Amino acid sequence: MIKQLHISNYALIDKLDIRFDEGLTIITGETGAGKSIILGALSLILGERSDSKAIRDNTAKTIVEATFDIGGYHLERLFKDNDIDWDEHDCLVRREISPNGRSRAFINDTPVQLNVLRELSTSLLDIHSQHSNMLLAHPAFQLSILDNIAGNAQLLDDYNRCYHDYRDALNRLEQTRLEMEKLRADEDYIRFQLDQLQALQLKPDEDKELEALQHKLGNITELKEGLWNVGNTLDGEENSILERLSTVASLLEDAERNLNEVEGMSSRVRTALIELKDIAHSVGAIVDTLNDDPAELARVDDRLNSIYTLQRKHNVQDVNGLIEIQQGFEQQLGEIEHNDDIIEELTALVESTRRQALEIADKLSARRKDASKRLGRDLLDMAMPLGLKNIAFNVDFNSTDLTASGIDNVEFMMAFNKNQQPMPVKDTASGGEISRVMLCIKTIIARHMRLPSIIFDEVDTGVSGDIATRIGEMMADISRSIQVIAITHLPQVAANGDHHLRVFKTDNEVETLTSVESLDNQEHILEIARMLSGKDINQAAIENAKSLINHSHND
């Protein structure tokens, strides 16, 4: 339940701290006193959109902070999944709005996204106002009522998973069919491109090897001439390097016999001489292998031209890129050849996931139909004492194909007069009738959902007398199991309160501010007397107020 509410710098509120208790808390006040402002602040805690226009002082932040007791409501998973500190009793929810309109949300001082705030707060608090009555005509809202009464939360989670799997499989099947149709249309083109590539019998890095060979064959004369000069210089007939080095070695050997300083040099020259002789021999052998081969050069040129042509065509830089494209074409043709198997597998997956979703959807539908009967019985029991003595109610079910919510289209059918056939809610009920029906439905839902708290915002508008008394008794009855906060103008409803808060405005020298005070027993009596008699409270109104309170609490 909500224990504490702090509001600062919001609309007509400078700073406000309100404490809430178990049972039924009544909030009263003159029209325009600021009751709707408090609800507006609470809606921020529920994750509603913020409005910078509501900031009272544009130099400071607006802060709305609520403390909830969340023990016993099984919210641990939500806190764990979002890495929020868990306290089984106190949960602090805060919303801040900066003057520039930027909004931030916190749970136990941990920053959270608004969707996380909404997920938590909708499990803690439900605000029902006159505007909520319009929801009753919406099929989606009607379906949610039945699901709440049936306790379908876990089953809906299971269905959503299966339905998602089914839709995913169906989308994959449709996408694959489109891709296959396109591949079939392009099959001749793909096969032609593949034939061109396969005809070349490409090898990895072949272009680099061919370019090296082309360079060699294209420069064979220059290469032979250069290498012949190397060999002749090293080991020619006259004055060659090897001949001269041999002379050098002999001279050094003579010098070594008489000069220690040159000892070993002849050996080093002899070593170099051996190396150079080997080089001269190798160069000669290479020259013998270099033969001018115009035919081989022409073959290499032709193959490189073929490769270059395909590289330009497919916009790649080398043979490896062409090989990748070839493999892609081969894969596409393979898919075309095996597309019937692929389509068959996906079709089987679609049918399998559809059967699983339908199985759960059938269970949902059966539970909803049972819930509609319970709703009908409970609704009639509650609504008849509220002046709707001729009310009739049933739910029309029409089966559909699988949707995100199952296989049910539902329509709440009602009649409020004798000999009247039930008709859709939107076509048959007046505003006052809808308000009372919605109050009954909210009461039923609150009992089934076990919400910690529910707020009724002037849902008793347009009723009086005995019906108003019964509405107050209904709220008091609900408050025995959950916390109920009721904003009302009716003394018959206010008399049932366990706690009473009065909202009022005060003026200072520069502005008007909204304040809230908690009423003691005597003040509670006087406030109800004021609601009965108006501005001037007389003794008769006071006695009447006491009688109302005694009657409410004795019942």
Side-chain angles (χ1 to χ4, degrees), residues 77-78 80-83 113-116 118-119 122 138-144 146-148 150-198 313-316 320-369 397-410:
R77 171 62 63 180
L78 173 63
K80 182 178 180 181
D81 290 345
N82 293 282
D83 198 23
Q113 298 294 324
L114 278 184
N115 62 316
V116 178
R118 292 190 192 103
E119 185 178 356
T122 51
H138 294 181
F141 182 70
Q142 295 174 1
L143 202 60
S144 71
L146 298 179
D147 283 328
N148 283 323
N152 282 340
Q154 183 59 55
L155 202 58
L156 279 170
D157 285 344
D158 295 341
Y159 174 76
N160 287 334
R161 284 193 294 271
C162 289
Y163 180 73
H164 174 79
D165 291 343
Y166 162 65
R167 292 298 307 175
D168 182 60
L170 188 61
N171 289 336
R172 286 169 58 194
L173 175 60
E174 292 174 352
Q175 185 65 33
T176 301
R177 280 176 172 160
L178 289 174
E179 291 173 356
M180 291 302 180
E181 289 175 4
K182 185 177 184 304
L183 283 176
R184 288 193 189 97
D186 296 340
E187 181 177 2
D188 290 341
Y189 172 78
I190 294 171
R191 198 172 295 281
F192 173 73
Q193 303 299 322
L194 180 59
D195 288 344
Q196 282 189 324
L197 289 165
Q198 287 179 334
K313 180 177 181 179
H314 295 288
N315 194 28
V316 295
N320 294 340
L322 289 176
I323 291 174
E324 288 181 8
I325 290 176
Q326 177 180 326
Q327 292 170 344
F329 285 147
E330 289 170 345
Q331 181 178 353
Q332 287 178 314
L333 289 178
E335 290 175 359
I336 292 173
E337 292 170 359
H338 298 92
N339 61 357
D340 290 340
D341 294 338
I342 296 172
I343 295 296
E344 186 177 341
E345 290 176 5
L346 287 175
T347 301
L349 180 61
V350 168
E351 290 303 316
S352 172
T353 53
R354 177 179 171 81
R355 282 195 302 271
Q356 292 174 6
L358 271 174
E359 183 179 345
I360 300 178
D362 287 337
K363 293 179 182 178
L364 278 173
S365 184
R367 291 170 65 98
R368 287 164 175 169
K369 288 171 182 175
F397 281 82
N398 292 302
S399 294
T400 69
D401 198 5
L402 287 174
T403 68
S405 58
I407 57 171
D408 297 311
N409 276 338
V410 300

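Keep in mind it's a predicted model, so treat the numbers as computed, not measured.
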Taking everything shown except [X] itself, do over 12 heavy atoms lie less than 6.0 Å from its [atom1]?
X: D195; atom1: CG; result: yes
X: Q198; atom1: CD; result: yes
X: D81; atom1: CG; result: yes
X: E344; atom1: CD; result: no

Applying side chain to side chain contact (heavy atoms under 4.5 Å, CB included), run through D401 and I407 and close with a yes or a no. CA-CA 6 Å; D401 198 5; I407 57 171; over 6 Å; no
Could you tell me whether a side-chain N or O of R177 sits under 3.5 Å from a main-chain N or O of I343, the two making a donor and an acceptor?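 Looks like no, no N/O pair under 3.5 Å.
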Output yes when a side-chain donor or acceptor of S144 lies under 3.5 Å from a complementary backbone atom of F141, and no otherwise.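 Between the backbone of F141 and the side chain of S144 there is a qualifying donor-acceptor contact (under 3.5 Å).
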How close do [X] and [Y] get, heavy atom to heavy atom, and via which atoms?
X: Y159; Y: T403; answer: OH-O, 2.5 Å
X: N160; Y: A404; answer: OD1-O, 3.5 Å
X: Q142; Y: V410; answer: OE1-O, 3.5 Å
X: T353; Y: A169; answer: OG1-CB, 4.0 Å

Which donor-acceptor pairs under 3.5 Å do the side chains of residues 355-365 make with protein atoms, sequence neighbours left out?
unit_1, atom_1, unit_2, atom_2, d
S365, OG, D408, OD1, 2.8
S365, OG, D408, OD2, 3.3

When you check the side-chain N and O atoms of E330 and Q326, is any donor under 3.5 Å from an acceptor?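 Present: a donor and an acceptor within the cut-off.
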So which pairs with a foot in residues 154-173 pass salt bridge (Lys or Arg N to Asp or Glu O under 4.0 Å), sequence neighbours left out?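 Listed once each, the pairs are D158-R161.
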Minimum side-chain heavy-atom gap I190-Q193 below 4.5 Å: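 Counting from C-beta outward, I190 and Q193 never come under 4.5 Å.
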Separation between [atom1] of [X] and [atom2] of [Y], rounded to the nearest 0.5 Å:
X: F329; Y: Y189; atom1: CZ; atom2: OH; value: 6.0 Å
X: T176; Y: N171; atom1: OG1; atom2: CG; value: 10.5 Å
X: E119; Y: L78; atom1: CD; atom2: CG; value: 4.5 Å
X: L156; Y: D147; atom1: CG; atom2: CG; value: 4.5 Å
X: L197; Y: Q327; atom1: CG; atom2: CD; value: 10.5 Å
X: L173; Y: I342; atom1: CG; atom2: CD1; value: 11.5 Å

For the residue pair Y166 and Y163, categorise the inter-ring angle as parallel (less than 30°), tilted (30 to 60°) or perpendicular (more than 60°).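 Aromatic pair Y166/Y163 classed tilted.
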